[in-house]
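Note that the coordinates shown come from a computational prediction; the quantities given were computed from them, not determined experimentally.
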Amino acid sequence: MLATTPVFRDFQEADHTLGLGRNMQKAIDDGHIDRIRGHRWFASLSRGPFYASFTIVSVIGSR
């Protein structure tokens, strides 16, 4: 098992890699998030400090 945790401090890079804007728009289109609130939140990500992280766990099995 191997765990890797990428860290994004650049909003543009994180948006490109993680699809933040694309996923926000889908949530808005599907009615999960109010349009105005979603656009305000997404716009706020590019102002000030930005930090995003997640953990990828790779597991290899054999039989």
Suppose clustering is done on Ile, Leu, Val, Met, Phe, Trp and Tyr with side-chain heavy atoms closer than 4.5 Å. Which residues sit in the same group as Leu2?
none

Going by chain and number, the hydrophobic cluster around Tyr51 (ILVMFWY, side chain to side chain under 4.5 Å) further includes Val7

Using a 3.5 Å cut-off and no angle test, enumerate the donor-acceptor pairs between side-chain atoms of residues 53-63 and protein atoms at least two apart in sequence or in another chain.
| from | atom 1 | to | atom 2 | distance (Å) |
| --- | --- | --- | --- | --- |
| Ser53 | OG | Pro6 | O | 3.1 |
| Thr55 | OG1 | Thr5 | OG1 | 3.2 |

Which residues pass the ring-ring contact (aromatic ring centres under 6.0 Å, His included) test with Phe11, sequence neighbours left out?
Phe42, Phe50

Identify every side-chain donor-acceptor pair in residues 21-30 under 3.5 Å, counting partners at least two apart or on other chains, and give the distances.
| from | atom 1 | to | atom 2 | distance (Å) |
| --- | --- | --- | --- | --- |
| Asn23 | ND2 | Leu18 | O | 3.3 |
| Asn23 | ND2 | Gly19 | O | 3.0 |
| Gln25 | NE2 | Asp29 | OD1 | 2.8 |
| Lys26 | NZ | Asp30 | OD2 | 2.9 |

Sequence neighbours excluded, every pair satisfying side chain to side chain donor-acceptor pair (under 3.5 Å) that has a member inside residues 31-46
none

Pairs flagged by side chain to side chain donor-acceptor pair (under 3.5 Å) wherever residues 6-17 is involved - sequence neighbours left out:
none

